[in-house]
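Following: one structure in structure tokens, then a few remarks.
What you see is a predicted model; the values in this text were computed from it and never measured. Because only heavy atoms are used, hydrogens play no part in the values below, and waters and symmetry mates are left out as well, while side chains stay in.
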Amino acid sequence: DRIKDTFGQYVDPRVVANLLGAQHSSVGEKQIATLFFSDVVKFSEIAERLAPSTLVDLMNAYFTAMSRPIREHSGIIDKYIGDAIMAFWVPPFVDANRQAELACQAALEQFALLEAFRATVPDVIGLRRDVPLINFRVGLATGEVVVGSVGSESARSFTVMGDAVNQASRLEGANKVYGTNLLIDETTFSLAEPAIEARLIDEIRVVGRTEPLRIYELAAMAGELDPATRELFGAFETALALYRAADWVKAEAAFRDALRIAPDDGPSRTLLARLPGLRERPPANWSGVWDMTSK
């Protein structure tokens with residue numbers, strides 16, 4: 001029992017049951033999965049300010065708080081990578097029809113827990129002054145992956161591999177560009193759409209891919225969007241349509257209208273900042289797709 005309890009902290013018990021019950025081989029299986037990547041904002045700066053043991057205490061507390069919504073909504077935590085969390089939703093651990101919705105719900109609940117977690121940080125690290133402000137970013141992507149037991153002859157890991165894994169990681173990083181915290185791809189949006197509130201913020205081409213990708217900012221579960229944010233989403237939708245139609249002058253006015261509603265809206269600021277360059281050097285074949293220059 002002690003061995004089971006100990007290793008249950010390292011490998012999700014559902015994975016163990018699946019491996020034992022199915023007599024799982026090392027051959028991967030193709031599945032549609034929803035992938036989750038999160039990363040702590042300015043983690044390097046936080047790490048520099050804390051003693052190693054204090055940093056470990058802080059990250060253990062953070063991982064404990066943020067892992068709970070993933071597990072409660074049927075997600076499998078693949079691994080912790082420094083300050084990052086990688087998780088996935090895939091059958092048979094979750095209903096395929098609900099995996100994207102449950103992943104979205106888990107991510108939103110993480111942000112709902114953030115203020116309460118921040119209040120515990122002074123006690124965790126033993127400081128009352130200059131307490132680091134914890135924030136994080138999340139990317140969600142859905143697509144075909146290979147699910148299976150991967151590794152060497154002496155050590156293996158039950159994990160997922162495929163383009164969707166990279167895409168979730170890229171979306172997490174794209175939050176830095178758009179001033180957002182929670183981005184999802186079009187497939188995740190389409191699968192979860194009846195149950196979530198989200199807005200299209202751009203169509204991009206990420207490094208290493210030729211096909212454009214529509215990205216959405218996830219804001220709330222269905223029916224939980226506050227009136228001010230709904231107004232912002234409407235104004236931004238109008239501005240984005242003008243931007244994609246290459247009507248730069250009207251687009252600028254529309255983005256400024258959106259910023260009057262929410263002065264700190266990251267996507268409005270990002271797209272507004274692009275307009276002077278687009279007006280000065282109009283693209284020959286503008287399609288509304290923005291090429292990302294970094295991962």
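- Going from atom CG of D202 over to atom CD of E217 covers 12.5 Å, rounded to the nearest 0.5 Å.
- When all heavy atoms of A254 and L242 are compared, the closest pair comes out as CB-CD1, 3.9 Å.
- With rounding to the nearest 0.5 angstrom, the CZ atom of R68 is 14.5 Å from the CZ atom of F63.
- For the side-chain hydrogen bond (donor to acceptor under 3.5 Å, both in side chains) with T180, the lone residue among T270, N175, D265 that qualifies is N175.
- Cation-pi geometry between R199 and F236 is met: under 6.0 angstrom from the ring centre, within 45 degrees of the axis.
- With sequence neighbours excluded, the residues satisfying salt bridge (charged side-chain N to carboxylate O under 4.0 Å, His left out) with R205 are D291.
- Checking each of I184, I76, I70 against F36 for a side chain to side chain contact (heavy atoms under 4.5 Å, CB included) leaves exactly one that passes, namely I70.
- Between D123 and R128 there is a salt bridge, with a side-chain nitrogen of the basic residue lying less than 4.0 Å from a carboxylate oxygen of the acidic one.
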Can you give me every donor-acceptor pair (side chain of residues 42-55, partner residue at least two apart or in another chain, under 3.5 Å) with its distance?
residue : atom : partner : partner atom : Å
R49     : NH2  : D130    : O            : 2.2

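- Across F111 and N181, no two heavy atoms sit closer than the pair CZ-O, 3.6 Å.
- Separation of atoms CD (E109) and SG (C104) is listed at 12.0 Å; rounding is to 0.5 Å.
- Under 4.0 Å is where a charged nitrogen must lie from a carboxylate oxygen, and between E203 and R244 at least one such pair does.
- Under the rule for a salt bridge (charged side-chain N to carboxylate O under 4.0 Å, His left out), the partners of R230 that lie at least two apart in sequence or sit in another chain are E197.
- Screening D185, T34, T187 for a side-chain hydrogen bond (donor to acceptor under 3.5 Å, both in side chains) with T142, the sole residue that qualifies is T34.
- For the residue pair P69 and M66, the shortest heavy atom distance occurs at CD-O, 3.4 Å.
- Note that CG of L275 and CH2 of W248 are 7.0 Å apart. Values are rounded to the nearest 0.5 Å.
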